[in-house]
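All heavy atoms count here, side chains included; hydrogens, waters and symmetry mates do not.
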Amino acid sequence: MKKRLFHSVALLLALTLTACNNNNNDTMVNSQQDEEVSESQQDHEFAEIGSGAHLVKFPEDLEEGIVFATYDRGDIHEDIYINSKEAIVAAQNGEEFPSGTVITLVGHRDGELEHYLVMEKRTGWGSQYSREERNGEWEYQAFAPNKEVMEDNIGRCFTCHANQERDDYINSMDQMKEFDLGEISQSENSSSETPIANIPTVDWQISEISAHMIDSKDINNEEGNVIEENEKAIIIQDLLMKMYLEQFKG
């Protein structure tokens, strides 16, 4: 009797443990399935890569930027601009580019302007993309020679720059680090303008004088034709510049 009771209890315990194990396995499977569904839903919620390209506007102050790299490959010529000296300083100090940094590649083919490729960094940009696709806080846009947006696959820009994550997604980081910031200072200090160019000429009067009047004491009479303001300013500045240079010859 005791032996039969012992077997019954053992059988009951075995069935209970089996049921528990099955429940645990079902719980683990369900948990994994929930995680997969959650990840799938999360991936589905990510924006299409490059969908934020509309945020990037054409840099109207492009010519005021700094050309830090130039490439020539066959019939292709490329100049790469950056919009601030501070961005170059950050790169050379091993820091991230500040928000508002704009880098523009100006591409020519056979001497003709072909396109502008612009990448711009702003705080918070790129957060709508998946972690695998985003390039930090950079967005990209392509512009035609007339500065209108080009129909292009902007996703290619992300793919092209993705391998440069360690350099804040910049392909020309080496050139930027080697760029001589002294060139900027020299350029700023060696303006082609002289103080002569700032001399006001409004109150000056210049007249065209006939050859027979050159020796006349009165040359400012009705026979002299007063010269237009713009032409007058050019003549005066040209004359003063010659006088300015003459003093160094002596």
Side-chain angles (χ1 to χ4, degrees), residues 29-62 65-71 73 76 78-84 86-109 114-179:
V29 170
N30 291 334
S31 177
Q32 291 176 351
Q33 290 176 344
D34 290 342
E35 289 179 1
E36 291 175 359
V37 171
S38 177
E39 291 178 358
S40 177
Q41 290 175 344
Q42 189 177 17
D43 288 339
H44 183 70
E45 292 172 359
F46 285 130
E48 180 183 357
I49 194 71
S51 59
H54 67 281
L55 298 171
V56 181
K57 308 302 180 184
F58 185 85
E60 296 297 341
D61 58 349
L62 175 63
I66 302 164
V67 179
F68 69 90
T70 299
Y71 298 97
R73 295 187 291 272
I76 297 175
E78 296 174 337
D79 292 320
I80 305 183
Y81 291 74
I82 193 164
N83 66 327
S84 72
E86 290 72 23
I88 296 180
V89 172
Q92 295 184 349
N93 290 336
E95 303 168 356
E96 289 190 359
F97 290 104
S99 176
T101 297
V102 179
I103 298 176
T104 305
L105 184 152
V106 182
H108 293 78
R109 186 183 296 273
E114 187 175 54
H115 54 231
Y116 301 92
L117 303 180
V118 182
M119 58 187 296
E120 182 173 351
K121 181 178 183 179
R122 297 283 178 181
T123 301
W125 282 10
S127 59
Q128 74 272 28
Y129 305 134
S130 69
R131 193 174 357 178
E132 294 77 18
E133 291 181 311
R134 68 181 298 184
N135 282 184
E137 295 178 315
W138 294 97
E139 289 281 3
Y140 306 84
Q141 186 57 280
F143 297 90
N146 64 357
K147 302 179 182 179
E148 295 294 329
V149 173
M150 293 177 61
E151 292 185 6
D152 199 358
N153 178 15
I154 300 301
R156 294 186 305 166
C157 299
F158 285 84
T159 302
C160 179
H161 289 263
N163 294 330
Q164 303 301 327
E165 181 177 1
R166 64 183 181 85
D167 287 334
D168 202 2
Y169 302 96
I170 304 301
N171 289 329
S172 303
M173 181 62 81
D174 290 341
Q175 290 87 337
M176 192 176 298
K177 288 182 176 179
E178 294 172 0
F179 184 80

Item checked: Side-chain heavy-atom pair Met119, Leu117 within 4.5 angstrom cut-off -> no
Margin query: Does this structure show an ion pair linking Glu120 with Lys57, if we count only N-O contacts that are shorter than 4.0 Å?
Written below: no
Checklist line | Considering all heavy atoms, the nearest Gly100-Asn83 contact | finding: O-ND2, 3.1 Å
Item checked: Inter-residue atom distance His108.NE2 - Ile76.CD1, 0.5 Å rounding -> 12.0 Å
Check: Side chain of Trp138, backbone of Phe158: donor and acceptor closer than 3.5 Å?
Finding: no
Margin query: Just verifying a value: how many Å separate Leu105 CG and Tyr81 OH, rounded to the nearest 0.5 Å?
Written below: 10.5 Å
Note to self: Holding to side chain to side chain contact (heavy atoms under 4.5 Å, CB included), I want the full list of residues that pass it with Asn153, two or more places apart in sequence or in another chain.
What the structure shows: Arg156
Item checked: Minimal non-hydrogen separation, Pro59 against Val118, with atom names -> CD-CG2, 3.9 Å
Margin query: So Glu132 and Phe46, do their side chains get closer than 4.5 Å, heavy atoms only?
Written below: no
Item checked: Ser130 vs Glu133, side-chain hydrogen bond (donor to acceptor under 3.5 Å, both in side chains): CA-CA, chis, key distance, verdict -> CA-CA 5 Å; Ser130 69; Glu133 291 181 311; 3.2 Å; yes
Notebook entry, point to check: Can you tell me if CD on Gln92 sees more than 12 non-hydrogen neighbours from other groups inside 6.0 Å?
Noted result: yes
Check: Which pair of heavy atoms, one from Ile49 and one from Gly155, lies closest together, and at what distance?
Finding: CG2-CA, 4.2 Å
Check: Hey, are the side chains of Glu139 and Tyr129 touching, using non-hydrogen atoms and a 4.5 Å cut-off?
Finding: yes
Notebook entry, point to check: Is the shortest heavy-atom distance from the side chain of Tyr140 to the side chain of Asp152 under 4.5 Å?
Noted result: no
Notebook entry, point to check: Are Ile103 and Tyr169 close enough that some pair of their side-chain heavy atoms sits under 4.5 Å apart?
Noted result: no
Notebook entry, point to check: For Gln128 and Ser51, which heavy atoms make the closest approach, and how far apart are they?
Noted result: NE2-OG, 4.4 Å
Next item on the list: Provide the closest heavy-atom pair for Pro98 versus Ala90 in the form atom of the first, atom of the second, distance.
Entry: CD-CB, 4.2 Å
Next item on the list: Ignoring hydrogens and angles, tell me if any N or O in the side chain of Glu137 forms a donor-acceptor pair with the backbone of Trp125 under 3.5 Å.
Entry: no
Next item on the list: Please say whether more than 12 non-hydrogen atoms of neighbouring residues, nucleotides or ligands are located less than 6.0 Å from CZ in Arg73.
Entry: yes
Notebook entry, point to check: For the residue pair Phe58 and Phe143, is the inter-centroid distance of their aromatic rings smaller than 6.0 Å?
Noted result: yes
Check: Can you find a pair of side-chain heavy atoms, one from Leu62 and one from Val106, that are under 4.5 Å apart?
Finding: yes
Next item on the list: Can you sort out the partners of Ala91 under side chain to side chain contact (heavy atoms under 4.5 Å, CB included), two or more places apart, ordered by chain and number?
Entry: Phe97, Met173, Met176
Notebook entry, point to check: Which pair of heavy atoms, one from Ser172 and one from Ile80, lies closest together, and at what distance?
Noted result: OG-CD1, 3.6 Å
Check: From Gln164 CD over to Asn135 CG, what is the distance, rounded to the nearest 0.5 angstrom?
Finding: 10.0 Å
Next item on the list: Output yes when a side-chain donor or acceptor of Thr101 lies under 3.5 Å from a complementary backbone atom of Lys121, and no otherwise.
Entry: no
Check: Do side-chain atoms of Asn93 reach the backbone of Glu95 as a donor and acceptor pair under 3.5 angstrom?
Finding: no
